[in-house]
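I have placed the structure first, in the form of structure tokens, so that the comments after it can refer back to it.
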Amino acid sequence: MSDDVMWQCLISEPDGSIRLPVGESAEFGEWAKRAAREYLGTDAPRNEVRELASALARVAATADLGDPTFAYAYVVDAAKAVTAVYEVHDYDGEDGYRSTDRLPDLLEAVLPTSPERRSVTEVNLPVGPGVRVQELLSVETGSLFKKKTMMETVTYAVLPPQVENILVLRMSWTNLVFSEALLELAQTLAESLELTEIKEG
């Protein structure tokens with residue numbers, strides 16, 4: 001492959017996905033109000049719009065801190081403002097991380113965690129080989145009154161053959177009753193990852 005070829009990463013957008021304005025210097029509160037109204041429709045009860053807007057503003061601000069290439073909220077239950085987040089990161093493949101056995105070390109370096117439970121398996125996705133890391137974490141939530149909440153994450157780190165970079169897809173959620181469905185969705189999203197050449201003109 002030519003060194004000057006430009007690539008872009010694509011991923012499917014299942015129903016329920018709302019792209020987050022990360023890296024855009026957006027005012028998340030105002031954006032979230034518009035996004036919630038657009039998603040729920042003009043006839044939606046005000047309290048549902050308000051609750052979803054609050055959830056979207058919160059996940060957008062949190063995702064923005066991680067500086068992903070792009071990120072989405074996934075609305076699990078609009079009436080109860082239950083959301084998950086999936087985001088894609090693009091990391092430099094230097095420092096010896098471009099091998100499947102080193103990918104868990106990369107994830108620990110760039111996405112530091114203290115998991116209650118962690119499992120690592122190798123995967124072979126259409127975009128390339130890699131690893132899948134599933135974790136159960138204890139995190140602090142709340143702005144005024146902090147409380148411990150369990151959060152589940154599943155992360156795919158992949159080595160696309162077209163580039164030297166490493167693609168990382170991570171999905172996270174706190175309502176564990178939806179874990180089975182969200183783990184299946186994360187697998188579907190990982191399988192949809194692709195790199196496409198950017199054509200000039």
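We find that Arg170 and Glu87 are not joined by a salt bridge, their nearest charged nitrogen and carboxylate oxygen being 4.0 Å or further apart.
Checked against salt bridge (charged side-chain N to carboxylate O under 4.0 Å, His left out), Glu191 has no partners two or more places apart in sequence or in another chain. Checked against side-chain hydrogen bond (donor to acceptor under 3.5 Å, both in side chains), Ser172 has no partners two or more places apart in sequence or in another chain. Shown here are the side-chain hydrogen bond (donor to acceptor under 3.5 Å, both in side chains) partners of Asn175, two or more places apart in sequence or in another chain: there are none. Judged as a salt bridge (charged side-chain N to carboxylate O under 4.0 Å, His left out), and not counting sequence neighbours, the contacts of Asp105 are Arg102.
Between the CD atom in Gln162 and the CD atom in Glu194 there is a gap of 10.0 Å [rounded to 0.5 Å]. Within the model, atoms CD of Glu122 and CG of Asp101 stand 8.0 Å from one another, a figure rounded to the nearest 0.5 Å. Separating the CG atom in Leu20 from the CZ atom in Phe70 is a distance of 11.5 Å, to the nearest 0.5 Å. Here Ser99 contributes atom OG and Leu106 contributes atom CG; the two are 10.0 Å apart, rounded to the nearest 0.5 Å.
Checked against Val168 for a side chain to side chain contact (heavy atoms under 4.5 Å, CB included), the options Val110, Leu107, Val158 give a single hit: Leu107. Test Val154, Leu182, Leu169 against Tyr86 for side chain to side chain contact (heavy atoms under 4.5 Å, CB included) and you get one pass: Leu169.
Distance alone, capped at 3.5 Å, is enough to place a donor-acceptor pair between the Arg98 side chain and the Asn165 backbone.
A pairwise comparison of heavy atoms in Val127 and Pro161 identifies O-CD, 3.4 Å as the closest pair.
Applying the side-chain hydrogen bond (donor to acceptor under 3.5 Å, both in side chains) rule to pairs touching residues 54-78 yields Glu13-Tyr72, Arg19-Tyr72, sequence neighbours excluded. The salt bridge (charged side-chain N to carboxylate O under 4.0 Å, His left out) contacts involving residues 29-47 comprise Glu30-Lys33, where partners must be two or more places apart or lie in separate chains.
When the shell of 6.0 Å around CD of Gln8 is examined, it contains more than 12 heavy atoms from other residues, nucleotides or ligands.
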